[in-house]
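The next block holds one structure in the form of structure tokens; read it before the comments.
Every chain is numbered from 1, with letters handed out A, B, ... down the list of sequences.
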Amino acid sequence: MEDKKYIKLITSTEIAEYSNIKGFMILKPYGYKIWENIKKIINKMLIKNKYKNVYFPLLIPKNLFDLENKYIKTFSKECAIVTHTKLIVNKKNKLIIDKRSKLNEFLIIRPTSETIIWNTFNKWIKSYRDFPILINQWCNIIRIEMRNKMLIRNSEFLWQEGHSAHINEKDALLEINKIKYLYKKLIKYYLSIPYISGYKTDKEKFAGAKFTYTFETITKNKGKFIQLATIHFLSQIFSKAFNVKYINKENIQEYPWGTSCGVSTRLIGALIMIHNDDHGLILPPKIAPIQVIIIPIIRKDTNKNKVFNFINFIKKNLKKKKIKVKCDNTSKTPGYKFYKYENMGVPIRITIGEYEINKNIIEITRRDTLKKRYLYIKKNLNKKILNILNNIQKNIYMIAEKNMKKKTYIIDNYNEFKNKISTNRGLILSHWDNNTKTEFKIQEETKATIRCIPKKNKFKEIGKCIYSGKKSKQRVVFGKSY
RNA sequence: CGGGGUGUAGCGUAGCCUGGAUUAUCGCGCCUGGUUUGGGACCAGGAGAUCAUAAGUUCAAAUCUUGUCACCCCGACCA
């Protein structure tokens with residue numbers, strides 16, 4: 001998908017728009033509703049996994065970063081920093097910073113919350129009885145980026161960050177498996193997005209983590225990677241950095257083990273990049289703000305009451321099954337409305353006029369195939385609609401998966417590798433010698449990075465590194481990221 | 001942070017090279033009235049722009065010069 005088309009799709013569907021601050025966007029009602037729907041799903045899953053929602057401060061004292069920095073390279077190049085607290089009016093009647101209000105301790109707008117959370121764990125954690133600690137925060141994050149892409153790489157974004165602390169390594173690793181399962185479900189079954197998952201290389205992982213597990217997908221046309229979700233195994237890195245200790249059963253002090261995980265509004269960007277056609281967006285029914293749109297056909301000689309009574313009857317029925325249905329009775333022409341809701345990605349459109357009423361049928365159009373058909377209105381109409389919604393959900397996954405497979409290449413020759421990256425990008429499976437220097441060299445020469453090291457058996461085979469020719473135990477995923 | 005580009009109404013734009021017939025063009029959208037409505041309706045009327053900003057050149061600047069700001073694109077960066 002071209003960038004211009006991508007931005008146009010976002011703005012024309014009223015998902016989001018540019019604000020007047022570089023890299024900062026305005027999420028509009030339709031886009032925010034999509035986010036709320038995604039939120040609802042994750043929130044439910046996290047709560048089921050015994051996470052509790054919390055809220056930590058937006059501003060983090062710089063000294064917490066100093067503490068962390070002893071062990072971990074942080075986000076120092078992407079921070080927004082609060083240094084003053086007062087504005088005054090100058091002689092030209094303009095607001096300027098009052099230099100006398102300079103803070104002794106600068107405050108950093110959170111680029112992530114591990115620091116302030118582990119600093120707080122210090123107070124919360126005393127005994128082995130305190131575990132596990134499972135908390136989740138819904139909030140905004142600021143990471144000032146030099147180059148932005150709406151919803152994919154914003155300087156501000158909304159996200160969910162889960163943080164956990166465990167008594168031992170085993171429990172922390174179990175937690176990671178739980179979250180893996182949860183994210184897999186979200187991405188595949190709710191967002192209908194095919195993905196490849198695996199571990200980040202040391203070069204690509206979160207510096208504060210012992211390892212990072214990632215979920216990645218590739219875009220339809222450009223074949224660029226988008227990171228969808230990450231899970232970090234923090235090991236004892238943060239507990240040691242913030243001196244968080246507990247007393248175990250044997251009355252010995254120990255450092256707890258941590259994990260963190262997150263998904264962001266980038267998921268909306270991924271949805272847009274992946275589920276679209278010439279008519280616009282195609283939203284997965286499970287997260288679509290409107291699942292069924294009803295377009296009334298009112299002509300000069302139409303009995304309006306008859307049509308709207310009929311529509312209300314259908315609406316009521318669908319609502320009984322919790323189907324999100326809306327009727328557009330504005331004065332625009334039907335054609336206008338057809339294009340509008342197709343662009344917005346509404347999964348099902350129902351058209352109702354006197355023709356339908358007289359025959360006791362409705363005209364129904366699927367967004368994914370754009371095929372029209374008539375359905376008789378009998379008792380099982382709701383069931384049929386639910387079926388179609390399910391069908392669309394699965395079908396758009398299959399289409400996206402096909403696209404991903406088409407762009408997946410197994411390559412064992414470095415020249416071919418270079419050629420693919422520069423012409424027909426995608427997901428490249430090649431051997432790598434597990435050496436960071438090789439990784440850097442390949443990036444330097446081709447701009448491709450290792451997106452992940454997948455752990456499934458099908459990737460495991462003895463081979464030779466595409467760059468160095470040294471022995472490799474498995475294929476890894478190369479590509480160019482957004 | 002380097003290189004390039006752009007800034008004219010809510011949005012997209014013409015005019016800029018070669019300064020003046022500009023009352024700043026056109027399309028979409030918006031408002032009023034009417035006729036319409038089965039794949040982006042039509043007619044009539046209307047509102048909406050200190051041409052990003054500051055200074056300079058000139059009898060005269062959207063147009064030329066310089067500074068500033070903002071945004072976009074391409075790189076570097078992006079746990």
Evaluation steps, salt bridge (charged side-chain N to carboxylate O under 4.0 Å, His left out), between A:Glu342 and A:Arg367: CA-CA 6 Å; A:Glu342 275 166 12; A:Arg367 177 60 188 90; 5.8 Å; no
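Pairing partner, B:C42: B:G34, with both Watson-Crick or wobble hydrogen-bond distances short of 3.5 Å. Base-pair partner of B:G56: B:C64 (Watson-Crick or G-U wobble, both distances under 3.5 Å). B:C51 makes up no base pair with any nucleotide shown, lacking Watson-Crick or G-U wobble contacts both under 3.5 Å. Here B:G12 sits opposite B:C26 as a Watson-Crick or G-U wobble pair (both hydrogen-bonding atom distances under 3.5 Å). The nucleotide B:C1 finds its pairing partner in B:G75, both defining distances of the Watson-Crick or G-U wobble pair being shorter than 3.5 Å.
Residue ring and nucleobase are not stacked for A:Tyr336 and B:G40 under a centre distance beneath 5.5 angstrom and an angle between planes beneath 30°.
Judged by distance alone, with hydrogens and angles left aside, A:Lys372 brings a side-chain donor or acceptor within reach of the base of B:G39, the pair sitting under 3.5 Å. Judged by distance alone with a 3.5 Å cut-off, a donor-acceptor contact links the side chain of A:Glu356 to the base of B:G38.
Atom P of nucleotide B:U37 and atom CD1 of A:Ile298 are separated by 11 Å, given to the nearest angstrom. Rounded to a whole Å, the CZ atom of A:Phe338 is 9 Å from the P atom of B:G40. Between the NZ atom of A:Lys8 and the C1' atom of B:C28 there is a distance of 11 Å, given to the nearest Å. In this structure, A:Glu145 places its CD atom 15 Å from P of B:C71, rounding to the nearest Å. Atom pair A:Tyr482:OH and B:C73:P shows a separation of 10 Å (rounding to whole Å applied). Distance CD (A:Glu14) to P (B:G29): 14 Å, rounded to an integer number of Å. Atom NZ of A:Lys337 and atom C1' of B:G39 are 13 Å apart (whole Å). If you measure from atom OH of A:Tyr6 to atom P of B:C72, you get 13 Å, rounded to the nearest angstrom.
At the heavy-atom level, A:Thr11 lies nowhere under 4.0 Å from the strands shown. Using a 4.0 Å heavy-atom distance criterion, A:Glu342 is classed as a base contact. Base contact: A:Glu354 has a heavy atom under 4.0 Å from a base atom. Contacts of A:Thr112 with the nucleic acid, taken as non-hydrogen atoms under 4.0 Å apart, include base atoms. Nucleic acid contact class of A:Tyr18 (heavy atoms, under 4.0 Å, all strands): sugar-phosphate only.
Spacing between B:U22 and B:A61 at atom C1', rounded to whole Å, works out to 13 Å. Taking atom P on both nucleotides, B:U35 is separated from B:A21 by 44 Å, rounded to a whole Å. With both ends at atom C1', the span from B:C69 to B:G27 equals 30 Å, rounded to whole Å. Taking atom C1' in both B:G29 and B:A76, the straight-line distance is 41 Å, to the nearest Å. B:C30 and B:A47: their C1' atoms are spaced 8 Å apart (whole Å). Across the P atoms, B:C43 and B:A54 are found 41 Å apart, a figure rounded to whole Å. For the P atoms, the distance from B:A55 to B:U63 is 14 Å, rounded to whole Å. For the P atoms, the distance from B:G45 to B:C28 is 15 Å, rounded to whole Å.
The listed nucleotides are B:U37, B:C73, B:C77; the one nearest the side chain of A:Met146 is B:C77. For A:Tyr339, the listed nucleotide lying nearest its side chain is B:G40; candidates were B:C30, B:G40, B:A76. When distances run from any side-chain atom of A:Glu363 to the nucleotides B:U36, B:A76, B:G38, the shortest one goes to B:G38. You'll find that the side chain of A:Pro334 is closest to B:G38, out of B:G75, B:G38, B:G39. You'll find that the side chain of A:Lys480 is closest to B:G75, out of B:G38, B:G75, B:G40.
RNA chain B is contacted by both A:Thr330 and A:Gln227; A:Thr330 maps to the nucleotide lying nearer its 5′ end (nearest heavy atom per residue). The residue among A:Lys447 and A:Lys203 whose nearest nucleotide of RNA chain B lies closer to the 5′ end is A:Lys447.
A:Tyr482 does not carry A:Arg153 over the face of its six-membered ring by the limits of under 6.0 Å from the centre and within 45° of the normal. The cationic atom of A:Lys200 (NZ for Lys, CZ for Arg) does not lie both less than 6.0 Å from the six-membered ring centre of A:Phe206 and within 45° of the ring axis. By the 6.0 Å and 45° rule, A:Lys184 does not stack over the aromatic ring of A:Tyr181.
Taking the syn range as angles within 90° of 0, the glycosidic angle of B:A21 is syn.
Checking each of A:Phe417, A:Tyr467, A:Trp432 against A:Phe478 for a ring pair (Phe, Tyr, Trp, His ring centres under 6.0 Å) leaves exactly one that passes, namely A:Phe417.
For the 3.5 Å distance criterion, the side chains of A:Glu175 and A:Thr259 fail to qualify, holding no donor opposite an acceptor. Side chain to side chain, A:Asn243 and A:Asn122 fail the donor-acceptor criterion of an N or O pair below 3.5 Å.
The number of heavy-atom neighbours closer than 6.0 Å to NZ of A:Lys62, taken from other residues, nucleotides and ligands shown, is 12 or below.
Applying the 4.0 Å criterion to OP1 and OP2 of B:U37, one finds that A:Thr333 has every side-chain N and O outside that range.
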